[in-house]
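Only one structure is covered here, and it is reproduced in the block below.
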Amino acid sequence: MKILVINSGSSSIKFQLLSMVDEAVLASGLVERIGEEEGLIKCTFMPDTVDEQVVKNGEVIADHNSGMRLAVDLLTDPDQGVIADRNDISAIGHRVVHGGEDFHQPTIITDEVMAAIEKNVPLAPLHNPANIDGIRVAQELFEGVPQVAVFDTAFHQTIPAHAYHYAIPYELYEKERIRRYGFHGTSHKFVASECAQLMGKPLENLNVITIHLGNGCSMTAVKNGQSIDTTLGLTPLEGLVMGTRSGDVDPAIHAFLARNCGMTIGEIDTLLNKESGMKGLCGLNDMRDIHDAIAAGDERAKLALEVQTYRNKKYIGAYMAALGRVDAIVFTAGIGENDEIVRAKTVAGLEPFGIVMDMEANDQRIKKPTLLSVADSKIQIWGIPTNEELAIARESQALQQG
Ligand code: AMP
């Protein structure tokens, strides 16, 4: 039983093939620079055991259709032997960014589901069309194989009205569906359930703050296994300080920039999404470069790290208040798993609240779930690698089996 997981973005397609007998990854790859002059495809077969990559460089990959075809050609290459027959694939799981209020769970894709994903395009104009392209090509290439949509927003559909409403005229919620949706749901749900297992508690009894720090960053308050609040909002811009995204700003910044700097709405959108965050503060958006710059005495890089980790800390406080009882805090994703300095600065000073980091345990890159707090810390701190592909594969398998 094999599941193919597809994450189709605006100019790239990530794919992973898993054997669900033992959840082993059989192949993992990326089609990049779709629509650009020189496309690029990378694929690693048995990535846990083999470092070698098959790379195809230079061919123009005109669109998602040709990108997916090239990926499937690689996967069905008899020399690699990972898909001997397309019927070996029992389901294809698609990451879909925005399910709006329509989807609370992963779902088998039907014509009605496609129509609902289309309906939500205004809420995710860059992501949902690319996801739709990926689904259409997969339906063509794997006719008859069940296709499953796993939504980034679905886990957060349990957030109560008092936490998802913005205090703006109610009609804007009714007419335009403006509200907090939240993202990274698959990742938050995955690490929350891993954490429950690690702590030997049923997920239904676990209160945890999950902190996803990668290119995009978000924090979720999980109460009794369900999301009750999250930092990303209507779009993936609100909340924590990210690589190039501002996170929270005074909403009046938009009007200020328009009036005083003559900026258009499009320019302000680009500024806040692509030129802000760590990059805006210090010119760098990769944490590794930021630490190098700090070591070389760069004051702006130091400031950026302070702004980012202070924001993280502030939201932990907010979510402790929202949850009442907190059993654990979990760090995950590129920065959360690899950056011991960000983790340590995020929880520094929270000892009076029962959050006490074990500095020795924290001093490593997290490759497997690791307890990062001292034995008598009232609230445990965990580093848990996220695995959205595995989560999507599990959901797809469960749905396919009915
Ligand atoms: P993700 O979106 O989860 O793939 O995370 C990507 C981000 O993780 C990069 O932009 C880096 O800022 C960060 N990252 C990756 N590796 C490291 C590392 N070894 N140390 C610090 N940050 C890292």
Side-chain angles (χ1 to χ4, degrees), residues 5 7-16 25 28-32 42 44 47 95 97 126-127 130 152 182-192 194 210-220 230-232 236-237 239-247 273-296 298 300-309 311-312 330-347 361-370 372 382-392:
V5 175
N7 180 354
S8 176
S10 52
S11 64
S12 66
I13 303 170
K14 254 178 153 176
F15 56 95
Q16 196 168 93
V25 178
S28 185
L30 181 65
V31 183
E32 281 182 286
K42 296 182 219 156
T44 316
R95 174 183 183 222
V97 167
L126 295 180
H127 292 99
D152 245 29
F183 299 87
H184 298 145
T186 309
S187 175
H188 287 290
K189 183 177 174 187
F190 180 81
V191 296
E194 291 277 302
T210 50
I211 312 177
H212 177 112
L213 303 175
N215 275 322
C217 300
S218 65
M219 194 180 297
T220 296
T230 194
T231 54
L232 292 172
L237 181 61
L240 306 180
V241 177
M242 303 175 230
T244 65
R245 288 176 248 167
S246 62
N273 276 288
K274 304 222 162 106
E275 293 155 13
S276 296
M278 302 302 273
K279 186 178 173 201
L281 285 166
C282 72
L284 301 166
N285 64 292
D286 191 304
M287 286 314 296
R288 289 161 287 200
D289 299 335
I290 290 167
H291 291 305
D292 288 347
I294 293 172
D298 185 326
R300 290 256 193 102
K302 204 169 153 212
L303 172 69
L305 181 67
E306 295 299 330
V307 173
Q308 180 201 48
T309 51
R311 183 82 51 87
N312 292 347
V330 177
F331 287 96
T332 194
I335 300 168
E337 291 163 29
N338 293 304
D339 197 321
E340 73 283 1
I341 298 172
V342 168
R343 288 193 301 257
K345 285 182 78 68
T346 294
V347 298
N362 183 53
D363 193 16
Q364 61 176 313
R365 292 174 68 184
I366 305 296
K367 298 275 168 231
K368 58 178 192 339
T370 307
L372 304 175
W382 285 88
I384 302 180
T386 191
N387 192 339
E388 288 169 89
E389 285 77 18
L390 177 59
I392 292 172

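First listed ligand is number 1; within each ligand, the first listed atom is number 1. Here the structure is a predicted model, which is why all the values come from computation and not from measurement.
In terms of protein heavy atoms, atom 19 (N) of ligand 1 is closest to N338 CB, 3.5 Å. Summary of contacts: the protein heavy atom closest to atom 6 (C) of ligand 1 is N215 N, 3.8 Å. Of all protein heavy atoms, the one closest to atom 20 (N) of ligand 1 is R288 CG, 3.5 Å. Protein heavy atom closest to atom 13 (C) of ligand 1, with residue, atom name and distance, is I335 CG1, 3.5 Å.
Per-residue contacts place M287 under 4.0 angstrom from the following atoms of ligand 1 (heavy atoms of the residue considered): 11 (C), 12 (O), 21 (C), 22 (N). Proximity to R365 (heavy-atom distance under 4.0 Å) selects the following atoms of ligand 1: 19 (N). Taking every non-hydrogen atom of G214 and a distance limit under 4.0 Å, the qualifying atoms of ligand 1 come out as 1 (P), 2 (O), 3 (O), 5 (O). Each of the following atoms of ligand 1 lies closer than 4.0 Å to a heavy atom of D286: 9 (C), 10 (O), 11 (C), 12 (O).
Across the listed options G336, G334, S187, P385, G334 owns the non-hydrogen atom lying nearest to atom 5 (O) of ligand 1.
No hydrogens or angles considered: a donor-acceptor pair under 3.5 Å links the side chains of Q16 and S28. Using modelled atom types and a 3.5 Å distance limit, the side chains of H188 and S218 yield a donor-acceptor pair. E337 and T332 are linked by a side-chain donor-acceptor pair at a separation below 3.5 angstrom, with hydrogens and angles left out of the test.
Note: no N/O pair closer than 3.5 Å links L213 and ligand 1 by distance alone.
Under the 4.5 Å side-chain criterion, counting only non-hydrogen atoms from C-beta, Q308 is not in contact with L213. Looking at heavy atoms from C-beta onward, L232 lies in side-chain contact with M242 at the 4.5 angstrom threshold.
Taking a cutoff of 4.0 Å between a charged side-chain nitrogen and a carboxylate oxygen, R95 and E389 do not qualify as a salt bridge.
Between the side chain of S8 and the main chain of A130, a donor-acceptor pair closer than 3.5 Å is present.
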